[in-house]
There are 2 protein chains.
Amino acid sequence: MCPIPVGIKRVAESTIHRLSHYWRVLIALEKEGYKTVSSRELAQREKLTPAQVRKDLSFFGSFGTRGLGYPVTQLKEQVSAILGTNQTWRVALVGVGNMGSALVGYKEFSRQGFNIIKLFDNDQRKIGSFHKGLIISDVRNLEVEIKQAGIEIAIIAVPSAVAQQVMDEIAKGGVKAILNFASVKLKVPGDVCIRNEHMSMELEHLSFALVNKITGKQCE
Amino acid sequence: MCPIPVGIKRVAESTIHRLSHYWRVLIALEKEGYKTVSSRELAQREKLTPAQVRKDLSFFGSFGTRGLGYPVTQLKEQVSAILGTNQTWRVALVGVGNMGSALVGYKEFSRQGFNIIKLFDNDQRKIGSFHKGLIISDVRNLEVEIKQAGIEIAIIAVPSAVAQQVMDEIAKGGVKAILNFASVKLKVPGDVCIRNEHMSMELEHLSFALVNKITGKQCE
DNA sequence: GAATGTGAAGGTTTTCACAGCA
DNA sequence: TGCTGTGAAAACCTTCACATTC
């Protein structure tokens with residue numbers, strides 16, 4: 001594998017996003033028995049242009065063969081390596097409420113190597129009890145237990161009001177990647193990567209679209 | 001209110017997204033007692049540039065006063081009108097599983113005018129039973145019941161395998177705005193707006209960031 | 001012939017910088 | 001003076017087009 005030139009030239013946010021899509025398509029193609037795939041075919045499946053696909057992939061290396069296309073299995077593995085989905089990740093979930101519980105039960109996470117191995121809550125009635133085979137720890141021990149368990153990714157699923165203080169503890173625990181479901185903008189240290197799942201904002205986008213009659217491509 | 005020049009000039013996807021942020025900040029500012037706010041202040045709260053804020057807002061009209069800034073309450077209402085959050089929306093949720101249940105219980109939706117008033121599932125054990133005060137209907141009646149209830153927005157929270165057929169029924173029911181939690185790309189008619197909540201993709205983005213040591217601003 | 005990889009062109013979004021107004 | 005609104009510039013992202021390779 002050639003070194004990934006991240007840092008030399010900035011990767012576009014959208015490229016990473018599309019990489020996730022390519023990965024899924026490649027998994028499907030492999031199942032369907034494809035040995036190779038062209039940028040045209042790959043593009044078609046995600047409603048993109050072939051040039052876009054080639055640009056995205058070529059950013060990380062030369063994975064294809066001129067005249068032939070890309071070897072499906074190999075490319076799948078290379079994309080997976082780039083995304084970091086060729087390994088498992090130790091994930092902690094903070095806030096075992098409505099949303100939190102749903103996320104623990106979300107099979108796709110573990111199927112893709114994101115293993116939720118620690119649960120935290122601040123509710124005394126929940127602390128110490130088991131949820132889907134995992135004991136719920138006291139959120140006050142976040143920093144220590146996160147370190148002990150070697151957590152790499154944290155999911156914040158607590159009410160907005162307490163999200164920032166949870167965030168701070170997580171950061172103290174040395175976690176560098178966070179998925180935030182609370183609908184507030186969180187302050188994070190410079191070396192932490194945070195992604196937000198602001199579900200109401202998506203609904204707002206939809207209501208905007210309805211009010212302004214935005215459709216089709218403009219929507220996404 | 002001046003007419004929104006949507007359609008004359010394309011609104012940037014990112015502008016809509018930031019509009020949601022502005023709206024939240026404005027609500028907060030109003031609570032904090034601010035009467036006016038400058039683009040600088042507004043920008044600071046969302047880690048944007050003042051120019052960005054002004055460009056975004058000026059796209060929809062002239063809401064500020066030179067030398068003074070923007071009137072908080074008024075701007076809040078104007079932004080709300082643009083987003084369509086100054087009204088209530090009739091929402092249906094399809095798939096009352098893990099994720100679906102969590103979404104029904106998600107108070108922020110209703111607080112913002114997105115009222116989930118219909119639930120659908122294909123599980124005979126669930127159909128006819130009540131969930132948080134709402135009866136669960138048979139997914140086979142989607143088209144008819146959606147029309148009857150005047151549903152404007154649908155949330156898809158079913159397993160990926162059946163998402164497309166659910167989608168098709170929803171479209172037949174005349175719904176033009178869809179929030180999709182299934183992790184597949186859905187085919188939609190040209191006049192339908194679909195937004196995807198691909199949660200695993202966000203985790204993939206995080207693992208990408210960890211593997212490639214992407215941090216801070218590059219992340220979002 | 002077929003399809004990649006890529007510099008250059010084209011398009012879109014963000015930032016700059018300043019005219020114009022309270 | 002302070003801050004908006006906005007053309008122009010810069011940065012960024014996507015598409016084109018073709019040389020290159022199998």
Side-chain angles (χ1 to χ4, degrees), chain A residues 2 4-19 21-22 26 29 34-72 74-75 78-79 82 214 217-220, chain B residues 2 4-19 21-22 26 29 34-72 74-75 78-79 82 214 217-220:
Chain A
C2 46
I4 293 159
V6 168
I8 296 153
K9 206 177 178 309
R10 223 181 87 80
V11 208
E13 159 90 0
S14 40
T15 299
I16 306 171
H17 190 79
R18 284 191 298 268
L19 235 41
H21 282 289
Y22 300 149
L26 287 163
L29 287 169
Y34 282 72
K35 292 294 170 242
T36 64
V37 62
S38 66
S39 58
R40 186 179 32 77
E41 170 82 27
L42 213 44
Q44 232 156 37
R45 300 237 178 176
E46 290 296 326
K47 288 216 195 124
L48 301 167
T49 64
Q52 179 80 86
V53 173
R54 294 201 299 275
K55 254 272 147 59
D56 284 340
L57 295 175
S58 75
F59 184 91
F60 297 97
S62 278
F63 304 124
T65 312
R66 287 160 202 242
L68 265 173
Y70 301 91
V72 171
Q74 207 176 312
L75 183 60
Q78 270 150 333
V79 170
I82 294 163
I214 302 289
K217 227 189 162 182
Q218 280 205 58
C219 223
E220 231 188 306
Chain B
C2 46
I4 293 160
V6 167
I8 297 154
K9 206 178 178 307
R10 223 181 87 80
V11 208
E13 158 91 358
S14 39
T15 299
I16 306 170
H17 190 79
R18 284 191 299 267
L19 235 41
H21 282 289
Y22 300 150
L26 287 164
L29 287 168
Y34 281 73
K35 293 294 172 240
T36 64
V37 63
S38 65
S39 59
R40 187 180 29 76
E41 170 82 28
L42 213 44
Q44 232 157 37
R45 299 235 179 179
E46 289 296 327
K47 289 218 195 120
L48 301 167
T49 65
Q52 178 82 86
V53 173
R54 294 201 298 276
K55 254 276 147 57
D56 284 342
L57 295 175
S58 74
F59 183 91
F60 297 97
S62 277
F63 304 124
T65 313
R66 287 161 203 241
L68 263 174
Y70 301 90
V72 171
Q74 208 176 311
L75 183 60
Q78 271 151 334
V79 170
I82 294 163
I214 302 290
K217 228 191 161 182
Q218 279 207 58
C219 223
E220 227 187 307

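We name chains A, B, ... by the order of the sequence lines, and we start the count at 1 in each one. All values below come from the heavy atoms of this structure, side chains included, with hydrogens, waters and symmetry mates left out.
Protein atom CD of Glu13(A) is 12 Å distant from nucleotide atom P of dT14(C), rounded to whole Å. What separates CG of Leu75(A) from P of dA3(C) is a distance of 16 Å, to the nearest Å. Per the geometry, CD belonging to Glu46(B) stands 14 Å off P belonging to dT14(C), to the nearest Å. We find that CG of Leu57(B) is positioned 15 Å from C1' of dT14(C), with the value rounded to whole Å. Here the P atom of nucleotide dT14(D) and the NZ atom of Lys47(A) are 17 Å apart, to the nearest Å. For the pair Gln52(B) CD and dT12(C) P, the computed distance is 17 Å after rounding to whole Å. When rounded to the nearest whole Å, the span between CZ of Phe59(B) and C1' of dT12(C) equals 12 Å. Between the CG atom of Asp56(B) and the C1' atom of dT13(C) there is a distance of 10 Å, rounded to whole Å.
Checking the phosphate oxygens (OP1, OP2) of dT1(D), no side-chain nitrogen or oxygen of Arg66(B) falls inside 4.0 Å. Within the structure, every side-chain polar atom (N or O) of Arg10(B) is placed at least 4.0 Å from both OP1 and OP2 of dT12(C). Within the structure, every side-chain polar atom (N or O) of Thr49(A) is placed at least 4.0 Å from both OP1 and OP2 of dT14(D). For the OP1/OP2 pair of dC3(D) and a distance below 4.0 Å, the side-chain nitrogens and oxygens of Ser38(B) include no atom meeting the criterion. At the phosphate of dG5(C), OP1 or OP2 sits under 4.0 Å from a side-chain N or O atom of Tyr70(A). For dT4(C), neither phosphate oxygen OP1 nor OP2 lies less than 4.0 angstrom from any side-chain nitrogen or oxygen of Thr65(A). Distances shown here put a side-chain N or O of Ser14(A) below 4.0 Å from the OP1 or OP2 atom of dT14(D).
Under the side-chain hydrogen bond (donor to acceptor under 3.5 Å, both in side chains) test applied with Ser39(B), the options Arg54(B), Gln52(B), Lys55(B) reduce to a single match, Arg54(B).
In terms of position along DNA chain D, the nucleotide closest to Leu48(A) lies nearer the 5' end than the nucleotide closest to the other residue of the pair Leu48(A) and Leu68(A). When each of Ala12(A) and Arg40(B) is assigned the nucleotide of DNA chain D bearing its nearest heavy atom, the one mapping closer to the 5' terminus is Arg40(B).
With dT13(C), dT6(D), dA17(D) as the choices, the nucleotide that has an atom nearest any side-chain atom of Arg54(A) turns out to be dA17(D).
Taking both residues in full, the closest heavy atoms of Arg45(B) and Tyr34(B) are given as NH2-OH, 3.5 Å, listed atom of the first, atom of the second, then distance. Considering all non-hydrogen atoms of both residues, Phe63(B) and Leu57(B) come closest at CE1-O, 3.5 Å. The shortest non-hydrogen separation linking Val72(A) to Thr36(A) is CG2-C, 3.7 Å. Heavy atoms only, all atoms of each residue included: Tyr22(B) and Val53(B) are closest at OH-CA, 3.5 Å. Nearest approach of Val37(B) to Leu42(B), heavy atoms of both residues: CG2-N, 4.0 Å.
Lys55(B) contributes no side-chain N or O that forms a donor-acceptor pair with the base of dT13(C) under 3.5 Å.
Here Ala51(A) lies in heavy-atom contact (under 4.0 Å) with a base. Within 4.0 Å (heavy atoms only), Thr15(B) reaches no atom of the nucleic acid at all.
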